[in-house]
**Student:** 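Provided herewith is a single structure, encoded as structure tokens, for subsequent inquiry.
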Amino acid sequence: MTNTPKDALFILVKSLSKSEKRQFKLYVGRLGVNTDAKFLALFNLLDKMKAYNERQILENDIVKKAQLSNLKAHLYKQILVSLRLNPVNQNTRVQIREQLDFATILYQKGLYKQALKILDKAKGNAIENEEKNVAYEIVELEKVIETQYITRSIPDRADELSRQAKELSDHNVMTSELSNLSLQLYSMMLKVGYVRNDEDLENVKDYFDAHLPGYDIETLGFRERLWLYKAYLWYSFLTQDFLSSYKYASKWVDLFYDNEEMIYLNPVFFLKGNHYLLESMFYIKYRSQFKETLERLEQIVNNKEFSKNDNIVSLAFLYLNSNKLNLHFLEGTFEKGLYLVTIIEYGIKKHRDRIDEHHIMLLYYKIACLYFGNGDNKNCIAYLKRIILNKNLKMREDLMCFARVLSLVAHYEAGMDYHLEIQLKSTYKFLLKMNDLQAVQKEMIKFLRSLGDIYPNELRNEFQKLYNELKKYEDHPYEKRAFLYLDILSWLESHLQNKPVATIIREKAMAITR
């Protein structure tokens, strides 16, 4: 699978809605001289194109080749200005920065008193909405203005501004340290996945302990707490402590419900927090609360007050549908979940420019598991092939490993013996290369390799032997990660009890009361 290079301006034009395109044309046409502007002609041409074609642009005589780059840059800027003026994009954060810009202009004109009045109001708004970075910028500009315009109406003005700058700086430093830690842990999760041995665990623990700043939870604001919970969440995920990941994801989501205005100011973090909460509940098989949390999230996302920009819509598609698949896995209702395949395929096509390759492959893996659970091994193999043949996937090595292991099992179930032998050799080489040959994988490959020498009447005994061997690793601190990607034990039980794997999983789900 290859990525076709795309032009940034072309992608931006194609991302615009009908109303945004209409507003852009009104914006550039506000003065009569712009009616025939070259950048508007270029916009109209790009809007009609199905794929970016520079030759077609030059053939339309809009601009000469030497000037095309500058014209594209100018058009790009004008579109961004137009989007900034769109009421849809006028959230609190943008409005505060707009006030800072206005105050800067007034200051440059020497209208100090007016600038300070706007800054004071914007600063209060910024602090109230936990926008402490821009609040610090505002205080710094206030300090600059006060050096030229000393107000006598407020005593000790210099002391007050110095104190505010120090407090905001301390908060921002704490936020920066916690966000850096969270980002690095998230990067480890994407690159390697869960810890695989004592050495991995020690490395993660040492890194976490060394980079977690000292803090007093009572003095932390909304944003600092958010990054703190995120850091602990990723540490819990990496170490496969899913009860702790549930604990910190719950704290993350509750933080938003306790500060409801933040749901609408920071919708991305709200969505992500709910996604990780659902993922944690999936791993600990908390089925009843999983369903309630998913329904509550979908209800809020569909609320007309919830942000509907392109980024939010793409994330909502990704998280809602990924967790709807997980719900079917929890309940063993694979057949009922098949309707999601069409929705997800359409959504991937629609949101492809805003969803990274890793998350697309993760959706393919879940779809493959859905087909596998439904007994449709050929479709399962087809989706796994999209992952296995993807040369651009540089992250999440464990996803690649288990995609290959599931492919082996699906080839066996489909009776594709010739392909199975090829797959075995390929998978074994891949796992050795990745240095990721875990005990569960070794036992699986050993079993599948020996199938050719096993008589049909001995098969049940061999399944039982494999089941007994793998059962030992179900709660192993490192080996249990294999069962997160593929419910091998339920597959073996389906053969031992002569029942479909979906039935086995459904019976297990019904036996769990929570």
Side-chain angles (χ1 to χ4, degrees), residues 1-8 11 51 186-194 196 237 275 279 314-315 317-319 321-323 325-326 329 337-338 340-373 376-414 416 419-438 440-441 444-445 448 481-482 484-486:
M1 187 181 292
T2 57
N3 284 334
T4 306
K6 291 186 178 181
D7 182 81
I11 292 172
Y186 179 59
S187 176
M188 290 180 197
M189 186 69 186
L190 286 182
K191 182 67 179 73
V192 183
Y194 306 109
R196 294 167 291 188
F237 268 137
H275 172 63
E279 191 170 357
S314 296
L315 287 175
F317 152 77
L318 176 65
Y319 295 150
N321 287 290
S322 177
N323 284 295
L325 284 171
N326 282 347
F329 298 156
L338 290 175
L340 288 167
V341 176
T342 304
I343 294 171
I344 292 170
E345 284 284 15
Y346 173 78
I348 288 174
K349 185 177 180 182
K350 181 181 178 182
H351 302 286
R352 185 130 209 163
D353 290 330
R354 288 180 291 275
I355 300 178
D356 61 88
E357 195 76 0
H358 158 72
H359 281 104
I360 292 173
M361 293 302 112
L362 203 55
L363 283 174
Y364 286 159
Y365 186 80
K366 288 180 184 290
I367 291 174
C369 290
L370 187 73
Y371 278 123
F372 180 76
D376 186 347
N377 294 294
K378 290 191 176 178
N379 266 320
C380 171
I381 292 166
Y383 274 92
L384 292 171
K385 195 177 286 186
R386 297 187 188 188
I387 303 169
I388 294 166
L389 297 180
N390 190 325
K391 305 301 181 187
N392 300 311
L393 194 63
K394 305 296 183 187
M395 308 298 253
R396 203 62 181 267
E397 291 172 355
D398 52 353
L399 176 63
M400 292 290 284
C401 294
F402 287 103
R404 288 173 178 269
V405 173
L406 178 55
S407 180
L408 285 176
V409 178
H411 274 84
Y412 165 72
E413 288 288 351
M416 299 166 70
H419 294 286
L420 179 62
E421 187 60 34
I422 297 171
Q423 290 275 315
L424 277 165
K425 291 178 181 176
S426 172
T427 301
Y428 195 73
K429 285 180 182 177
F430 179 84
L431 293 175
L432 284 176
K433 185 181 177 184
M434 290 288 106
N435 191 28
D436 198 33
L437 199 56
Q438 301 293 107
V440 172
Q441 297 164 339
M444 284 296 300
I445 290 176
L448 291 168
R481 74 190 179 104
L484 301 177
Y485 290 94
L486 176 60

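What you are looking at is a predicted structure, and each value in this text was computed from that prediction instead of being measured.
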**Student:** If you apply the rule salt bridge (Lys or Arg N to Asp or Glu O under 4.0 Å), what do you find for K350 with E345, and how did you get there?
**Tutor:** CA-CA 9 Å; K350 181 181 178 182; E345 284 284 15; over 6 Å; no

**Student:** What pair of heavy atoms forms the shortest contact from A403 to I388, and how long is it?
**Tutor:**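 Smallest heavy-atom distance, with atoms named: O-CD1, 4.1 Å.
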
**Student:** Kindly write out the residues that satisfy side chain to side chain contact (heavy atoms under 4.5 Å, CB included) with Y186, not counting sequence neighbours, or none if the list is empty.
**Tutor:**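 If we apply the side chain to side chain contact (heavy atoms under 4.5 Å, CB included) test to Y186, skipping adjacent residues, the hits are L190, W234, Y276, H359.
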
**Student:** Please report the interatomic distance CE(M361) to CD1(I355), rounded to the nearest 0.5 Å.
**Tutor:**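 Here the interatomic distance stands at 11.0 Å.
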
**Student:** Distance check, rounded to the nearest 0.5 Å: I360 atom CD1 versus H351 atom NE2?
**Tutor:**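 If I round to the nearest 0.5 Å, the distance is 11.0 Å.
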
**Student:** Would you give the length of the straight line joining atom CG of L406 to atom SG of C380, rounded to the nearest 0.5 angstrom?
**Tutor:**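 If we round to the nearest 0.5 Å, L406:CG and C380:SG are 4.0 Å apart.
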
**Student:** What pair of heavy atoms forms the shortest contact from G337 to L370, and how long is it?
**Tutor:**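 Scanning both residues completely, I find the closest heavy atoms to be O-CD2, 3.4 Å.
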
**Student:** How many angstroms lie between CD in E357 and CG in L362, if you round to the nearest 0.5 Å?
**Tutor:**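 If I round to the nearest 0.5 Å, the distance is 12.0 Å.
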
**Student:** Out of curiosity, I381 CD1 to L408 CG, how far, rounded to the nearest 0.5 Å?
**Tutor:**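 I381 CD1 to L408 CG: 10.0 Å, rounded to 0.5 Å.
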
**Student:** Return the set of residues passing side-chain hydrogen bond (donor to acceptor under 3.5 Å, both in side chains) with D376 (not counting sequence neighbours), or none when no residue passes.
**Tutor:**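 Scan of D376 (side-chain hydrogen bond (donor to acceptor under 3.5 Å, both in side chains), adjacent residues dropped) gives N379.
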
**Student:** Any chance you could lay out the side-chain contact (heavy atoms from CB on, under 4.5 Å) test for F372 and N377, step after step, and finish with the verdict?
**Tutor:** CA-CA 5 Å; F372 180 76; N377 294 294; 3.4 Å; yes

**Student:** State the CZ-CG distance between F329 and N323, to the nearest 0.5 angstrom.
**Tutor:**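 So the CZ of F329 and the CG of N323 are separated by 11.0 Å.
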
